[in-house]
Every structure is written in C-alpha cells, then in structure tokens.
Amino acid sequence: MKIRLVNAGVFTPIDEIDETLTPPTEGFYWIDADVEDLELLQPLFNLHDLAVEDCLSEEDQRPKIEIYESHYFIVVNSIRFDDEEIFLRALNIFLGRHYIITVTKQKIHELRVLKPMLWEQEVSEPDQFLYLLIDLVVDNYFSVGDRIEARIEKLEEDILMHTKKSHLSEIIGLRSEILWLKKMLGPQKEVINTLNKKDLRLIDDQLQKYFSDIYENAVKISETFETYRDLMGNLREAYQSSIANRANEIMRVFTAITTIFMPLTVITGIYGMNFDHMPELHTKYGYFAVIGLMLTLGCGMLYVFRKKEWL
C-alpha cells in the first residue's frame, strides 16, 4: 500500500495511515492499495461492507457506482489486449471528501500513466483525480480498438490470399471476445452517465459537466465494437466463401483431369481386349502410334480447356 498527499500535482509520501484520517490543509490523500489492505482500511474509513465484499470477490465485477453516506464506491474496467485475448481488469475506487482509494488485484496501466498528468494539471482535489483516471481508462479502449481493427484487416487479407482452417478458430475466438467486451461496455457507460447527470455532492458541479465528454467517448467505443462485431460476421462469410471457392477450384481440376483421361481410357480399353484379330494389333509401330495418339489427344484437350479458361 502506498499513501501520498497530492497537492497541486506534487506527491508527498505518507508513512502513517492514521495521518489520512484528518483532512489536509491543502490537497488530498491518494491511497493505492491491494485487496489485502482493505482489512486495515475498512474500519479506518468506514468503507461499506458490500463494497469491500465486491473488491474481495473472485468473480468478474460489473462496472457500477454505489452511493454511501461518507463515500462513493465506483468500479470501472481497465482494458488490455495482447493480440491473443482481451483482458478486463477491475479498478475499484473509493471516493471520499479528502481522499481517494484505488484498489486493484493486478497492475493497472492507467494508474502509472496518470501520475505525470496530475503534476501537469496541478490536481489538488480527489474528484479531479477521478475524472482524469476514468478519462484515461476510456481513452485506452480507443487504442485497443485500433489494434483489434488492424488484426481484423490482417485476418481478412490472410483469408483472401490463402485460407487456412486455423482462420476459422481465430474468427470465432475474436468475435467471442468482442461480444463479451461489448456486453461489459453497457454498464460502464451507465456509470459514466451517472457521474455526468446525477447530483453528486462529492463531485464539483463544474467538473461534473466534463464527464459528458467521457460519456460521448464511451458511446463511440460501444458503437465501434458493434461495428467490429458486424465485421467479424462478414469475415466469417468471407472465410466460408473462400473455402467454397477453393473446393470448386479443386473439383474443376479433378473434373478436367477426368475428362481428359476418359477418351484415353476408351482407347486403352479397346486395345486391351483379348482378341487375336484386331486392326493394327501386329503392326510394327502400332504401340507408338497409339501412345502418340493418346498424348496428342490429351494435350489437345488441355489446350482447349486453358483457352476457354476452364483451368
């Protein structure tokens, strides 16, 4: 657990947790904690039992906001994409009058990026901290969306150039990830909309208006992932069409080969009959003549097929 006094974006480390119980003269306290630290923090800040229970739960948490008497409990999902799978990591936030507590189970990229922004914008209030943090979380969805779009484009190009069976599993896997992510975006939009519209005494009225901009971005993200879902459906159709075309090409080649060998089979069938008296049977060059006829016939049919673009 790391405790900092934040004033005008300047960090001052705090050694004793008891110091944070009294509001500072200027600035606010930022407590960056792990879930194990809640046992100590809950009685000190009178954190609600249900909120603490949600933080400790092993199940995936849906984004939400809970309004309690002395603090707000907010859950948003940070996103990470490693080109194989999309990960959502719950970011639990307790917002008080003179403090903000962030509780995570894994490292959150946005918390690390946020530190220089606090200094740059000379942040001195916990609601400003909350605004910048949620803004970073939402903006990160755009960068992940760009990477997903690039992967879709590459997958489409690979399918058109050379279709493989593995492409189908990639399509199904990525589409499932997008559907799951879109499902989680709905509650997250509602959380941001609540921060934008509901009368919240711990968030300054002037600052609250800025949450509308974050909400608009959240709506754009949701629409973008809806588009990605449609693209994955089109990609699956392209895969199936490519497989069908490939099968047709193979069948066309097999049909052409069968057609070419049909007259040759007739010739060999005739001269394979066990009769003593057959024309050209005892001719000196009869064998070479028949072979030549078969080669000429086969090559001639192949030439005709290519000229008509059947092969």
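Atoms considered below: every heavy atom in the structure, side chains included; atoms not considered: hydrogens, waters and symmetry mates.
To the nearest 0.5 angstrom, E110 atom CD is 3.5 Å from S78 atom OG. Interatomic distance, Q128 CD to Y210 OH, rounded to the nearest 0.5 Å: 10.0 Å. For the atom pair L88 CG and M184 CE, the distance stands at 6.0 Å (nearest 0.5 Å). Atom CG of L231 sits about 7.5 Å away from atom CD of E149, to the nearest 0.5 Å. Once rounded to the nearest 0.5 Å, the distance linking CG of L132 with CD of E120 reads 10.0 Å. Considering CG of L181 and OH of Y141, their distance stands at 6.0 Å, rounded to 0.5 Å.
Note: H71 and Y68 have tilted aromatic rings, judged against thresholds of 30 and 60 degrees for the angle between ring planes.
When hydrophobic clusters are built by joining Ile, Leu, Val, Met, Phe, Trp and Tyr residues whose side-chain heavy atoms come closer than 4.5 Å, directly or via intermediates, I178 is grouped together with W180. By the criterion of side-chain heavy atoms lying less than 4.5 angstrom apart, applied directly or through intervening Ile, Leu, Val, Met, Phe, Trp or Tyr residues, L95 is not grouped with L50; the two fall into different hydrophobic clusters. Hydrophobic clustering (ILVMFWY, side-chain heavy atoms < 4.5 Å, transitive): F129 and I93 are in one cluster. Both L207 and I192 are part of a single hydrophobic cluster, where members link through side-chain heavy atoms under 4.5 Å apart. Linking Ile, Leu, Val, Met, Phe, Trp and Tyr whenever their side-chain heavy atoms come within less than 4.5 Å leaves L38 and L111 in two separate clusters.
Partner P63 forms a side-chain contact (heavy atoms from CB on, under 4.5 Å) with one of V137, I74, V191 and no other, that one being V191.
At distances below 3.5 Å, not a single donor-acceptor pair connects side-chain atoms of Q188 with backbone N or O atoms of A218. Looking at N92, its side chain never comes within 3.5 Å of a backbone N or O of V75 through a donor-acceptor pair. Checking side-chain atoms of D34 against main-chain N and O of E36 turns up no donor-acceptor pair under 3.5 Å.
Not a single side chain to side chain donor-acceptor pair (under 3.5 Å) links H98 to another residue, sequence neighbours left out. For Y29, there are no ring-ring contact (aromatic ring centres under 6.0 Å, His included) partners at least two apart in sequence or on another chain. Residues meeting the side chain to side chain donor-acceptor pair (under 3.5 Å) test with D49, sequence neighbours left out: Q42. A search for side chain to side chain contact (heavy atoms under 4.5 Å, CB included) contacts involving N46 returns nothing, not counting sequence neighbours.
Listed here is the closest heavy atom pair of F94 and L47: CD2-CD2, 3.7 Å. The two residues N196 and S212 have their closest heavy-atom pair at OD1-CB, 3.4 Å. For the pair S143 and N140, the tightest heavy-atom approach, listed with the atom from each and the gap, is OG-O, 2.7 Å. Among all heavy-atom pairs drawn from P263 and L297, the shortest one is CB-CD2, 3.4 Å. The two atoms that bring S222 and K182 nearest to each other are O-CE, 4.1 Å, heavy atoms only. A pairwise comparison of heavy atoms in I65 and L195 identifies CD1-CD2, 3.6 Å as the closest pair.
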Validation: residues 99-109 side-chain donor-acceptor distances under 3.5 Å, sequence neighbours left out:
unit_1 : atom_1 : unit_2 : atom_2 : d
T102   : OG1    : W30    : NE1    : 3.1
T102   : OG1    : D32    : OD1    : 3.1
T104   : OG1    : Q106   : O      : 3.2
K105   : NZ     : S57    : O      : 2.3
H109   : ND1    : R112   : NH2    : 3.0

May I have the list of side-chain donor-acceptor pairs in residues 1-17 shorter than 3.5 Å, sequence neighbours left out?
unit_1 : atom_1 : unit_2 : atom_2 : d
N7     : OD1    : S124   : OG     : 3.4
N7     : ND2    : E26    : OE1    : 3.4

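Within the 4.5 Å cutoff, the side chain of K64 has heavy atoms near those of the F73 side chain.
More than 12 heavy-atom neighbours from other residues, nucleotides or ligands sit within 6.0 angstrom of CG on D230. More than 12 heavy atoms of other residues, nucleotides or ligands sit less than 6.0 Å from atom CZ of R80.
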Stepwise side chain to side chain contact (heavy atoms under 4.5 Å, CB included) check, F28 with V123: CA-CA 9 Å; F28 66 97; V123 172; 4.0 Å; yes
Audit row: L174, R151, side chain to side chain contact (heavy atoms under 4.5 Å, CB included) steps and yes/no: CA-CA 9 Å; L174 186 56; R151 183 177 173 185; 3.9 Å; yes
Step-by-step side chain to side chain contact (heavy atoms under 4.5 Å, CB included) determination, K154 to E157: CA-CA 5 Å; K154 185 179 185 304; E157 183 179 346; 5.5 Å; no
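In this structure, the ring of F211 has its center less than 6.0 angstrom from the ring center of Y131.
Looking at E223 and K220, no side-chain N of the basic residue comes within less than 4.0 Å of a carboxylate O on the acidic one, giving no salt bridge.
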